[in-house]
Amino acid sequence: MIDGLESGGVDEHGEPVDEKPVISIYKDDEFVDLCRGPHVESTGKINPQAIKLMSVAGAYWRGDENKPMLQRIYGTAWLSPKDLKAYLWRLEEAKKRDHRKLGRELDLFSVNDEVGAGLVLWHPRGSMIRHLAERFWEDEHLKNGYDFVYTPHIGKAQLWETSGHLGFYAENMYSPIEIEGQQYYLKPMNCPFHIEIYKSGLRSYRDLPMRFAEKGTVYRYERSGVMHGLMRVRGFTQDDAHHFCAPRQMPDEIDFVLSFSLHILRSFGFNEIEAYLSTRPEKSVGEPEQWHAAEIALEESLKRSGLPYQIDEGGGAFYGPKIDLKIKDALGREWQLSTIQFDFNLPERFDMTYIDENGEACRPYMIHRALMGSIERFFGILIEHYGGAFPIWLSPVQIKIIPIADRHQDFAFQVARELKEAGLRAEVDDRSDRMNAKIRDAEKQKVPFMLVVGDREMEEGAVDIRRRSGERLGSMPVAEFKALALKDVAEKVEG
RNA sequence: GCCGAUGUAGCUCAAUGGUAGAGCAAUCGCCUUGUAAGUGAUAGGUUAUGGGUUCGAUUCCCAUCAUCGGCUCCA
């Protein structure tokens, strides 16, 4: 076999192969392993107190799903038992923050067998967080030159033929729906609709850039076995937008969309951001000069942003180069959120035009972008990043008012009314439980402020404040607390 | 889709070839409470679904669905 590999004609099964492989062998005492490595020099270097077998799972031979599957045993090895313990502790921490667990405990969302795999039900509390995130998103878009659009969930087969999705993306799309002899498809993307809106009128260079934004819900076929809580689902909403601009506007447009993305991500508490620039792959559409100009523009913009970035040579989509933004969450795990993609393909396919200064029809440039990416996934990441203890501006319940005895309830509701009128989300825990139990419950629900009201507070028109951290702020007048809470909300205070 | 595991009350989990139990949650009382669980009672399950073996299946077998850990793919 090795002879076959060495001479470059056949692989390990005697099947012909094109390239000559590099063969490496690792040897430890009597054990000889044909492996790419690296291996430890000697098993004596492994501390038996610092290893642990973790799990067993199947893995494809050479990572190819068409090849047979092998049993793989996963283990982890560390320099010292202490390091192993630290690693296991981190795994435990991650488990505690698991958005699927917190989603249930905090009553945020569910995925239900009756409805279907990969289809999310947003419960009232989760929906409140989504509403707040979306409201912020909307305000920022309106301040920054976007127009909102709404588009349908299905479109005719011809539309997806024109866009190329039926050619290139069909395996991710669901079977068509037949309506009066015509085939319609559930949308896997929003772009064709936005393009049709662009094309609904004659566009002048004076109209550009145009920015159409929509929180568009799309449906993509995911193979069973890949769904994962909110992170990987079959129906999700993208915070999508398409920019249409004249070629010479491109650099400014990229600068804008990049800094706008960073502004949005940072507002949600993601401060560790890294960028990936993906360039032209072998198979691509569009002129090489166009690609080159776009890649230069993207890279220049990255340089100006000061973000650390890496280049993924040839990693772009066939229709254009892109910048992906990845964030690190509180546990240091990396997640891809934003994507900013150039598109040389769709303007051509849809024959999009604008009239330039000379009265001639020209082809606009098009940029796709999603900042949160999928709102479902973004929510999942947000839950894990904060371990369910959302910053106060996003907390579904910001304030829990805890009357000590029944006679304090009227006062508690009066305080709640006053806070609600100021736009704060306050609730009274009027169950007949002991105060300690109510505090425990509010802590578990990760409510930012607990206000205890008893005889003393009633007399003074005050509230006794406890943060979810356990910190006691003591007693203060309601008006004073109101100002404090509003300030925390406005400043997007965490913790 | 593939490999492996799992599926019992709202949640976390027991038990059994002779139709199931606990804690928490829930509901109804009692208590009226000072910074993370007061107390009593009640209710809650065709044991995921469909077949098969068996006198009898929730338990054994098969299929389907879903979930979990991976692989492949991906927002």
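As the structure is a computational prediction, the values presented were derived from the model and not from experiment. Residue numbering restarts at 1 for every chain, and letters A, B, ... go by the order of the sequence lines.
- For the C1' atoms, the distance from B:U27 to B:G10 is 13 Å, rounded to whole Å.
- The aromatic rings of A:His242 and A:His194 lie perpendicular to each other, with more than 60° between the two planes, well past the 30° mark.
- Base pairing of B:C13: its partner is B:G21, meeting the Watson-Crick or G-U wobble criterion (both donor-acceptor distances under 3.5 Å).
- Base contact: A:Arg456 has a heavy atom under 4.0 Å from a base atom.
- The base of B:G1 does not come close enough to the side chain of A:Glu222 for any donor and acceptor atom to sit less than 3.5 Å apart.
- A distance of about 15 Å separates the P atoms of B:G17 and B:G21, rounded to the whole Å.
- Between A:Lys326 atom NZ and B:C74 atom C1' there is a gap of 12 Å when expressed in whole angstrom units.
- Side-chain nitrogen and oxygen atoms of A:Tyr221 include at least one within less than 4.0 Å of the OP1 or OP2 phosphate oxygen of B:G1.
- Listed pair A:Arg100 / B:G69 meets the phosphate criterion, a side-chain N or O lying under 4.0 Å from OP1 or OP2.
- Using the six-membered ring where Trp is involved, A:His368 and A:Tyr319 have ring planes that are tilted, between 30° and 60° apart.
- For A:Ala117, the side-chain atoms get nearest to B:U67 when compared with the rest of B:U32, B:U12, B:U67.
- Base engagement by A:Ser432 is indicated by at least one non-hydrogen atom pair under 4.0 Å involving a base atom.
- Heavy-atom distances to RNA chain B give each of A:Met372 and A:Asp113 a nearest nucleotide, and the one nearer the 5′ end belongs to A:Asp113.
- Regarding A:Lys446, its NZ atom lies at a distance of 15 Å from the P atom of B:A36, rounded to whole Å.
- Picking from B:U33, B:A26, B:A75 the nucleotide with the shortest atom distance to the side chain of A:Arg232 gives B:A75.
- The distance between atom CG of A:Asp441 and atom C1' of B:C24, rounded to the nearest whole Å, is 12 Å.
- Base pairing of B:U27 is made with B:A41, judged by Watson-Crick or G-U wobble geometry with both donor-acceptor distances under 3.5 Å.
- With both ends at atom P, the span from B:G18 to B:G56 equals 14 Å, rounded to whole Å.
- Among the heavy atoms of the strands lying under 4.0 Å from A:Met227 are primed sugar atoms or P, OP1, OP2 only; no base atom is included.
- Rounded to the nearest Å, the gap between the P atom of B:U49 and that of B:C11 is 15 Å.
- Atom CE of A:Met231 and atom C1' of B:G69 are 16 Å apart (whole Å).
- Taking atom CZ on A:Arg234 and atom C1' on B:G1, their separation rounds to 11 Å, with Å as the unit.
- Using a cutoff of 4.0 Å between basic side-chain nitrogens and carboxylate oxygens, A:Glu459 and A:Arg456 are not scored as salt-bridged.
- Across all strands shown, B:A63 pairs with B:U49; the Watson-Crick or G-U wobble distances both stay below 3.5 Å.
- Counting any heavy atom pair closer than 4.0 Å across all strands shown, A:Glu376 reaches no nucleic acid atom.
- If you measure from atom CD1 of A:Ile340 to atom P of B:A75, you get 15 Å, rounded to the nearest angstrom.
- Base engagement by A:Asp455 is indicated by at least one non-hydrogen atom pair under 4.0 Å involving a base atom.
- A perpendicular orientation is assigned to the rings of A:His165 and A:Trp160, their planes being inclined by more than 60° (bins at 30° and 60°).
- Between A:Arg220 and B:C73, a side-chain N or O to OP1/OP2 separation shorter than 4.0 Å is absent.
- Using the Watson-Crick or G-U wobble rule with both distances under 3.5 Å, B:G69 pairs with B:C3.
- Below 30°, between 30° and 60°, or above 60°: for A:His141 and A:Phe260 the angle between ring planes is above 60°, a perpendicular geometry.
- No contact: A:Glu171 has no heavy atom under 4.0 Å from any strand.
- Between A:Asp433 and A:Glu443, it is A:Asp433 whose nearest contact on RNA chain B lies nearer the 5' terminus.
- Between the side chain of A:Arg425 and the backbone N or O of A:Ser395 there is at least one donor-acceptor pair closer than 3.5 Å.
- Across all strands shown, nothing is found opposite B:U8 as a Watson-Crick or G-U wobble partner with both distances under 3.5 Å.
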Donor-acceptor contacts, no H, no angles, side chain residues 439-451 of chain A, under 3.5 Å, sequence neighbours left out:
| unit_1 | atom_1 | unit_2 | atom_2 | d |
| --- | --- | --- | --- | --- |
| A:Glu443 | OE2 | A:Arg466 | NE | 2.8 |
| A:Glu443 | OE2 | A:Arg466 | NH2 | 2.7 |
| A:Gln445 | NE2 | A:Glu105 | O | 3.2 |

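- Comparing B:G38, B:U33, B:U72 against the side chain of A:Arg407 picks out B:U33 as the nearest.
- Atom C1' of B:A20 sits at a distance of 13 Å from the matching atom of B:A57, rounded to the whole Å.
- Here A:Val233 lies in heavy-atom contact (under 4.0 Å) with a base.
- Only the C1' atoms considered, B:U12 is 11 Å distant from B:A25, to the nearest whole Å.
- In this structure, of B:A75, B:C65, B:A36, it is B:A36 that holds the atom nearest to the side chain of A:Asn436.
- In the interface, the side chain of A:Glu114 is not paired with the base of B:A66 through any donor and acceptor atom under 3.5 Å apart.
- Taking the P atoms as reference points, B:A36 lies 48 Å from B:U72, given to the whole Å.
- Residue A:Asp406 is in base contact, counting any heavy-atom pair closer than 4.0 Å across all strands shown.
- In this model, the phosphate group of B:C71 is not approached by any side-chain N or O of A:Arg223 to a distance below 4.0 Å at OP1 or OP2.
- Candidate nucleotides B:U32, B:A36, B:G38 were compared by shortest atom distance to the side chain of A:Arg434, and B:G38 ranks first.
- Between A:Glu376 and A:Arg220, none of the side-chain N atoms (NZ, or NE/NH1/NH2) sits under 4.0 Å from a carboxylate O, so this pair counts as no salt bridge.
- Put simply, A:His228 has a side-chain N or O that comes within less than 4.0 Å of OP1 or OP2 on B:G69.
- In this structure, of B:U32, B:C74, B:G34, it is B:G34 that holds the atom nearest to the side chain of A:Met435.
- Distances were taken from every side-chain heavy atom of A:Arg440 (C-beta onward) to each of B:A37, B:A75, B:U33; the shortest belongs to B:A37.
- In the set B:A75, B:A37, B:A26, the nucleotide with an atom closest to the side chain of A:Arg377 is B:A75.
- A:Phe379 and A:Phe109 have perpendicular rings, their planes meeting at more than 60° on a 0 to 90° scale where under 30° would count as parallel.
- Between B:A15 and B:A22, the distance separating the two C1' atoms is 11 Å to the nearest Å.
- Straight-line distance from the CG atom of A:Asp429 to the P atom of B:U33: 17 Å, rounded to whole Å.
- Nucleotide B:G7 holds its C1' atom 15 Å from the CG atom of A:Asn112, rounded to whole Å.
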